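Just below is one structure, and these are the notes that go with it.
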Amino acid sequence: MSQEQPKKELSAIKGTRDILPEEARIWQIAEAQAKEIFTLYGYRELRAPIIEPTELFEKGTGASSDIVTKEMYTFTDKGGRSITLRPEYTPSVVRAIIEHRLDLQPLPLRFYYIGPMFRYDKPQKGRYRQFHQIDIEVFGEKDPAVDAEIVEMAHRLLKKLGVENVLTLVNSVGCKKCRPAYGEALRKAAQAVKEKLCPDCQRKADINPLRIFDCKVETCREAASTFPKITDYLCPDCRQHFQKFLEYLDFYGINYQVEPTLVRGLDYYTKTAFEIVTENLGAQNAVCGGGRYDDMVREFGGPDLCGIGFAMGVERLLSVARIEKPRDSFVYFAYMGEEGKKQSLATARLWRSKGIECLVEFKDRGLKAHFSRANKIGADWVLIIGQDELSKGKFQLKNMLDSKQYEGTSEELAELILKQGQKT
RNA sequence: GUGAGUGUAGCUCAAGGGUUAGAGCACCGGACUGUGGAUCCGGUGGUUGGGGGUUCGAAUCCCCUCACUCACCCCA
């Protein structure tokens, strides 16, 4: 370490942040609960690399999408390859399926994954440049029952994490057969009333008329209410799929709202699209977004394998979750003298192998200072090893919560701690 | 990428052109050498985000820049 203070402080780069131990505990719990629930539904973890060839996302996410055109972290590696930090997870899974011929395994395939994604966005509430997603995918299952099942599974997880007041929005975005006709009709309707729209929406009328639906300007809202709805343009196949999807949602008793203006951001979606939104998230109110992508694998040059999945933003999830932090219970060793220190080290080593969390600090202090320290760092137990204890061969163990003190051998006291630990 | 707001101690905030930038909490130590939490006393900690300008004098006013926050866009 240099003696001079660095002139410029180093800090985490824009849109990224450190998750400090206290918060990391919450993450661990949320992740463990997600894994547990997904496993109950037959999902298995599939870990793909964080970096991928840039063209994977150009092909999979869509070369014209905002994500690919302006939000990717792309660089050239030393071999001259164009590499991108993944902005989403689905293309990686599709690549892995094709690469390892996972489609030859018994279908359907159910995968989950939790990890960081990267988008060069402007950070704001619930939106970061490095953010984390809980992601699940099902491949090779056409039945709309699975569409409803993943929504039900998402609800189960949200409930488990104490997320309240969620609203589930559902829609069908059609397929390659019926979507073009709708797009045409919508564009036509938007052009017809273009003069009445705000400048922003006039621009949208040309680029992406669907976005006019969520403008806040009153005149735009009025105009938008006269626009055609995608649900009126669905082909028989898509219509049937959507109806069955809703039927299964009803079967599960899931409260949902059909939102004909709901479109997923990415180009590859077909049929089912859904979003789970909640209050208290500001403008980024979606905690979960998902949908079906029946053409994606084939368009990648893979087999004709349909897919569906959802992603949850972990940061958003945790900002509305209510997770209780479990109290960690550990033993603090209050020793005196070199002999007491060595006895502490030996005892801690033994106790740890029994599964007891032990903390020996390498500082000889007075007993009062030891207790003060133990209290400050939140020890549940203090084991006293001083001259008296060493000569007797029996130690004093104090419970810091109820102030009761016990005397016994190492084995007796270890048993006592383990027994009490099970009670709580 | 566009717009607005905010940057003072580890945290929450005072000082609003005029001595040496303060307080609470936190941290360290003492009162207290075999038993913690309480109380009291003391201490460490700051180029006021950074740079430039105005002024006799700037945390305070102006410009630039960076970061954070919120919104637009887009999205988890």
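Small disclaimer: the values here were computed from a predicted structure and weren't measured. Per chain, numbering begins at 1; letters A, B, ... match sequence-line order.
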Gap separating the OG atom of A:S344 from the CD atom of A:E389, nearest 0.5 angstrom:
10.0 Å
State the CZ-CG distance between A:F310 and A:L157, to the nearest 0.5 angstrom.
7.0 Å
Considering only the [atom1] atoms, how many Å lie between [N] and [M], rounded to the nearest integer?
{"N": "B:A58", "M": "B:C63", "atom1": "C1'", "value": "15 Å"}
{"N": "B:A15", "M": "B:G22", "atom1": "C1'", "value": "7 Å"}
{"N": "B:G24", "M": "B:G36", "atom1": "C1'", "value": "24 Å"}
{"N": "B:A9", "M": "B:C28", "atom1": "C1'", "value": "15 Å"}

Looking across every strand, which nucleic acid part, if any, lies under 4.0 Å from [X] by heavy atom: base, sugar-phosphate, or nothing?
{"X": "A:A286", "value": "sugar-phosphate"}
{"X": "A:E315", "value": "nothing"}
{"X": "A:G366", "value": "nothing"}
{"X": "A:V287", "value": "sugar-phosphate"}
{"X": "A:G282", "value": "sugar-phosphate"}
{"X": "A:D388", "value": "base"}

Closest non-hydrogen atom pair, [X] against [Y]:
{"X": "A:A283", "Y": "A:Q124", "value": "CB-NE2, 4.2 Å"}
{"X": "A:Y182", "Y": "A:K229", "value": "CE1-C, 3.4 Å"}
{"X": "A:L262", "Y": "A:L169", "value": "CD2-O, 3.7 Å"}

How many whole angstroms separate atom [atom1] of [X] from atom [atom2] of [N]?
{"X": "A:Y113", "N": "B:A76", "atom1": "OH", "atom2": "C1'", "value": "15 Å"}
{"X": "A:F118", "N": "B:C75", "atom1": "CZ", "atom2": "P", "value": "20 Å"}
{"X": "A:I114", "N": "B:A76", "atom1": "CD1", "atom2": "C1'", "value": "14 Å"}
{"X": "A:I276", "N": "B:A76", "atom1": "CD1", "atom2": "P", "value": "13 Å"}
{"X": "A:N285", "N": "B:C70", "atom1": "CG", "atom2": "P", "value": "14 Å"}
{"X": "A:L262", "N": "B:A76", "atom1": "CG", "atom2": "C1'", "value": "13 Å"}
{"X": "A:Y332", "N": "B:G37", "atom1": "OH", "atom2": "P", "value": "14 Å"}
{"X": "A:L158", "N": "B:A76", "atom1": "CG", "atom2": "P", "value": "15 Å"}

Toward the 5' end of RNA chain B, by each residue's nearest nucleotide, A:K70 or A:A311
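First, find each residue's nearest nucleotide; the 5'-ward one identifies A:K70.
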On a plain distance test, is the side chain of [X] in donor-acceptor contact with the base of [N] below 3.5 Å?
{"X": "A:K368", "N": "B:U35", "value": "no"}
{"X": "A:E389", "N": "B:G34", "value": "yes"}
{"X": "A:R127", "N": "B:C70", "value": "no"}

Which listed nucleotide ([options]) is nearest to the side chain of [X]?
{"X": "A:M400", "options": "B:G36, B:A76, B:G34", "value": "B:G36"}
{"X": "A:Q405", "options": "B:C72, B:U35, B:G34", "value": "B:U35"}
{"X": "A:I384", "options": "B:G34, B:C72, B:A76", "value": "B:G34"}
{"X": "A:Q284", "options": "B:A76, B:U35, B:C74", "value": "B:C74"}
{"X": "A:F131", "options": "B:U35, B:A76, B:A71", "value": "B:A76"}

Under the side-chain hydrogen bond (donor to acceptor under 3.5 Å, both in side chains) rule, what pairs show up with a residue in residues 28-43 of chain A, not counting sequence neighbours?
A:R25-A:Q28, A:Y41-A:E152, A:Y41-A:R156
Would you kindly say whether A:D250 and A:Y256 are connected by a side-chain donor-acceptor distance under 3.5 Å?
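Yes, a side-chain donor-acceptor pair sits under 3.5 Å.
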Do the side-chain N and O atoms of A:E58 and A:T54 include a donor-acceptor pair separated by under 3.5 angstrom?
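No - no donor-acceptor pair under 3.5 Å links their side chains.
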Using a 6.0 Å distance limit plus a 45 degree cone around the ring axis, check whether A:R129 lies over the aromatic ring of A:Y120.
yes
Protein-nucleotides 65-69 of chain B N/O pairs closer than 3.5 Å?
| from | atom 1 | to | atom 2 | distance (Å) |
| --- | --- | --- | --- | --- |
| B:C68 | OP1 | A:G15 | N | 3.3 |

Presence of A:R373 side-chain N/O under 4.0 Å of B:C28 phosphate oxygens OP1/OP2
yes
Looking at A:R352 and A:C358, would you say the former's side chain and the latter's main chain have a donor-acceptor pair under 3.5 Å?
yes
Taking a pair as Watson-Crick (N1 to N3 plus N6-O4 or O6-N4) or G-U wobble (N1-O2 and O6-N3), both under 3.5 Å, which stems of 3 or more consecutive pairs involve RNA chain B?
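Detected stem regions: B:1-7 with B:66-72, B:10-13 with B:22-25, B:27-31 with B:39-43, B:49-53 with B:61-65.
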Relative to each other, are the rings of A:F111 and A:F139 parallel, tilted or perpendicular (30° and 60° limits)?
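Rings of A:F111 and A:F139: tilted, as their planes differ by 30° to 60°.
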